[in-house]
There are 2 protein chains.
Amino acid sequence: MKIATFNVNSIRSRVEILNAWLAEHRPQILCVQETKAQNSDFPLEAFSHLGYHILFQGQKKYNGVAIFSDMPIRNAEIELPQDPDKQARFVKMSYNNIIIVNTYIPQGQSIKSDKFQYKLKWFSWLKDYFDKTCSPDQPIVWVGDLNVALEDKDVYDPKKMWGDVCFCQDIQDAVRNVMNWGFVDLFRQFHPQPDQYTFWDYRVPNGFHRNMGWRLDYIMATPKMAQQCIDCRIDKAPRGLEKPSDHTPVVAEFKAF
Amino acid sequence: MKIATFNVNSIRSRVEILNAWLAEHRPQILCVQETKAQNSDFPLEAFSHLGYHILFQGQKKYNGVAIFSDMPIRNAEIELPQDPDKQARFVKMSYNNIIIVNTYIPQGQSIKSDKFQYKLKWFSWLKDYFDKTCSPDQPIVWVGDLNVALEDKDVYDPKKMWGDVCFCQDIQDAVRNVMNWGFVDLFRQFHPQPDQYTFWDYRVPNGFHRNMGWRLDYIMATPKMAQQCIDCRIDKAPRGLEKPSDHTPVVAEFKAF
DNA sequence: GTACGGCCAG
DNA sequence: CTGGCCGTAC
């Protein structure tokens with residue numbers, strides 16, 4: 001089975017790309033971030049012909065997450081209970097016995113802003129969520145745009161970027177703290193090389209072609225799940241199409257199912 | 001020879017439609033209104049392959065006029081000297097011995113607004129311009145979006161619309177006053193029927209298909225010029241394309257040249 | 001650079 | 001409804 005994650009940067013602007021990608025890859029699960037659409041504006045129609053069940057939670061202008069599932073959605077949750085702001089950054093469901101958690105972590109704006117504090121707290125709330133609702137020996141997949149580069153090789157210029165809201169000690173510690181609960185980074189299990197990115201800032205001129213990117217999108221899995229994983233890869237193909245997102249999909253393939 | 005007028009409602013949004021239309025019809029002169037682009041943003045490149053000479057005068061957000069000419073622009077004027085606001089609503093040039101005047105008349109907003117007073121004045125300034133700069137026995141073509149329906153048959157619901165800034169006594173008098181200087185309405189010379197419109201308000205649901213329109217775009221000519229006119233027609237074809245303007249072109253065909 | 005949403009105007 | 005533009009966020 002295939003589980004994928006893709007920050008689409010507006011689902012309404014990415015209908016074409018998303019449809020093409022789903023039709024080609026037919027993952028059992030696709031988790032999407034930054035849909036940027038209120039639930040009433042979610043373009044359900046545009047995807048209906050593909051037969052996916054879709055769980056989505058949006059808000060006015062920012063954030064927004066969704067899960068495309070080839071099986072009916074079970075045990076849906078559409079917010080992180082610990083988040084007092086109830087921002088649209090969390091959706092969870094069950095797929096067979098697997099728990100799927102899709103998150104869009106706050107970017108954090110600047111190190112000394114309230115938004116960065118919110119980002120740090122969000123990771124602690126998420127860890128608390130896992131503590132209270134499940135156990136590391138269940139099959140759990142936690143995916144999404146974490147807005148963190150975990151290691152030097154996850155940014156194109158680590159020296160220059162060190163201290164960024166997505167690449168600093170505090171934020172790496174925050175992710176590691178959640179991972180220590182029981183998650184492994186599936187991509188790094190298979191691909192230890194540097195320069196493997198999932199995000200290229202639109203504002204960096206020609207950033208994609210010069211490969212000036214960041215690895216911010218992850219598929220994390222508990223050991224039980226990770227053992228079943230055959231491969232995890234970054235798919236750069238959608239960047240070749242018209243009006244690409246600034247992120248690109250990550251796909252994990254599993255033996256079972 | 002063909003002389004045409006077309007309110008494009010943003011020239012940058014209408015590059016495709018305009019290019020297709022010019023390539024098909026190849027008028028000697030096309031006068032365009034509501035370009036909605038500052039001169040520095042005028043998409044000159046987009047039209048370069050057609051070989052037209054282009055005279056344009058724009059401003060930040062509103063108005064803006066242009067003339068596409070198959071011969072070099074002579075005697076260019078880019079403002080109505082009488083207008084103290086110097087809004088981008090007037091361009092004039094010579095084509096052989098013909099004077100071409102392209103105007104985008106103010107809409108007027110509401111009858112008791114300053115903008116309506118400005119609209120009335122604009123017509124009087126224009127008449128003054130003709131008085132001072134030329135004579136009715138010259139070949140003159142005055143075209144544009146006049147934002148006036150001249151007769152009952154020029155609106156889809158004259159009873160309901162009477163009193164509108166584009167359909168009331170004062171404004172009809174204002175146009176007639178300029179016409180009395182020496183212009184005839186070329187379209188009406190050939191087509192006396194009702195329900196011949198050049199504008200359909202986007203806000204009227206399905207207005208175009210229900211033909212709930214207005215005739216606001218005119219090609220006016222002095223007698224010398226009018227005698228040469230073989231036909232004057234409204235071309236609804238551009239309304240069939242993607243992203244149509246709310247106006248559609250009017251074309252006059254002349255014997256000479 | 002790209003997207004949304006809110007404003008103004010027609 | 002459609003357009004431009006502005007502010008905001010990433």
Side-chain angles (χ1 to χ4, degrees), chain A residues 7-15 17 33-38 40-41 58-64 87-89 104-110 113-116 118-119 145-148 164-166 199-209 212-214 216-217 239 242-247, chain B residues 7-15 17 33-38 41-43 58-64 87-89 104-110 113 115-116 118-119 145 147 164-166 199-209 212-214 216-217 239 242-247:
Chain A
N7 178 322
V8 291
N9 186 10
S10 166
I11 198 156
R12 286 173 291 179
S13 300
R14 230 60 71 197
V15 158
I17 283 179
Q33 303 86 36
E34 281 202 88
T35 56
K36 291 184 175 173
Q38 287 173 281
S40 54
D41 293 335
Q59 65 182 71
K60 190 135 231 199
K61 204 175 151 117
Y62 306 116
N63 316 322
Q87 293 187 9
R89 299 180 173 279
Y104 173 55
I105 307 286
Q107 192 258 4
Q109 192 144 288
S110 88
S113 70
D114 291 350
K115 290 183 182 176
F116 186 68
Y118 179 67
K119 181 178 189 175
D145 177 357
L146 305 198
N147 264 315
V148 178
D164 187 278
V165 285
C166 297
F199 165 79
W200 299 265
D201 195 321
Y202 287 132
R203 290 164 292 183
V204 177
N206 247 321
F208 179 70
H209 288 290
M212 295 165 75
W214 302 63
L216 303 180
D217 302 275
R239 291 295 313 230
E242 293 289 300
K243 287 207 306 162
S245 171
D246 45 359
H247 293 251
Chain B
N7 178 321
V8 291
N9 186 12
S10 166
I11 199 158
R12 285 172 290 178
S13 299
R14 231 59 71 196
V15 158
I17 283 179
Q33 303 85 36
E34 280 202 88
T35 55
K36 290 183 174 175
Q38 286 172 280
D41 293 336
F42 193 96
Q59 65 183 72
K60 186 130 227 204
K61 203 174 151 119
Y62 307 116
N63 315 321
Q87 293 187 11
R89 298 180 173 280
Y104 172 55
I105 309 286
Q107 193 258 2
Q109 192 141 286
S110 90
S113 70
K115 290 184 182 176
F116 186 68
Y118 179 66
K119 182 179 191 175
D145 177 356
N147 264 316
D164 187 278
V165 286
C166 298
F199 166 78
W200 299 264
D201 195 321
Y202 287 132
R203 289 164 293 184
V204 176
N206 246 320
F208 179 70
H209 288 289
M212 296 164 76
W214 302 62
L216 303 180
D217 303 275
R239 291 296 311 231
E242 294 288 303
K243 286 208 305 161
S245 171
D246 45 0
H247 293 251

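First the proteins, then the strands, lettered A, B, ... as listed; each starts at 1. All of these numbers come straight from a predicted model, not from anything done at the bench.
- For D:dC6, the OP1/OP2 oxygens have a side-chain nitrogen or oxygen of B:Lys60 closer than 4.0 Å.
- The interatomic distance linking B:Lys119 (NZ) with C:dG10 (C1') rounds to 11 Å, in whole Å.
- To the nearest angstrom, P of D:dG3 lies 9 Å from CG of B:Asp246.
- Following rounding to the nearest Å, B:Asp41 (CG) and D:dC5 (P) show an atom-to-atom distance of 7 Å.
- In this structure, the nucleotide among D:dC5, C:dA9, D:dA9 sitting nearest to the side chain of B:Tyr62 is C:dA9.
- With a 6.0 Å radius and a threshold of 12 heavy atoms from other residues, nucleotides or ligands, A:Asp114 has its CG atom at or below the threshold.
- Contact between the side-chain N/O atoms of A:Ser13 and the OP1/OP2 oxygens of C:dC4 is found at a separation under 4.0 Å.
- Rounded to whole Å, atom C1' of C:dT2 lies 10 Å from atom CZ of A:Arg203.
- Protein atom CG of B:Asn9 is 10 Å distant from nucleotide atom C1' of C:dA9, rounded to whole Å.
- A:Lys115 has a side-chain polar atom (N or O) that falls below the 4.0 Å cut-off from OP1 or OP2 of D:dA9.
- As a whole-Å value, the separation of B:Phe199 CZ from D:dG3 P is 13 Å.
- For B:Asp145 and A:Lys36, each mapped to the nucleotide of DNA chain C holding its nearest heavy atom, the one lying further toward the 5' end belongs to A:Lys36.
- At least one side-chain nitrogen or oxygen of A:Arg14 sits closer than 4.0 Å to the OP1 or OP2 atom of C:dA3.
- Taking only side-chain nitrogens and oxygens, B:Gln107 never comes nearer than 4.0 Å to OP1 or OP2 of C:dA9.
- Nearer the 5' end of DNA chain C, as judged by each residue's closest nucleotide, is the contact made by A:Tyr202, out of A:Tyr202 and A:Ile11.
- Heavy atoms only, all atoms of each residue included: B:Lys119 and B:Asn147 are closest at NZ-O, 2.7 Å.
- Atom C1' of nucleotide D:dT2 and atom CG of B:Asn7 are separated by 12 Å, given to the nearest angstrom.
- Of all heavy-atom pairs spanning B:Val8 and B:Arg14, the tightest one is O-NE, 2.8 Å.
- For the OP1/OP2 pair of C:dT2 and a distance below 4.0 Å, the side-chain nitrogens and oxygens of A:Ser10 include no atom meeting the criterion.
- Distance A:Gln38 CD to C:dA3 C1': 15 Å, rounded to the nearest Å.
- The backbone N or O of B:Asp246 sits nowhere less than 3.5 Å from a side-chain atom of B:Asn9 that would complete a donor-acceptor pair.
- Classified by interplanar angle (parallel below 30°, tilted 30° to 60°, perpendicular above 60°), the ring pair B:Trp200/B:Phe208 is perpendicular.
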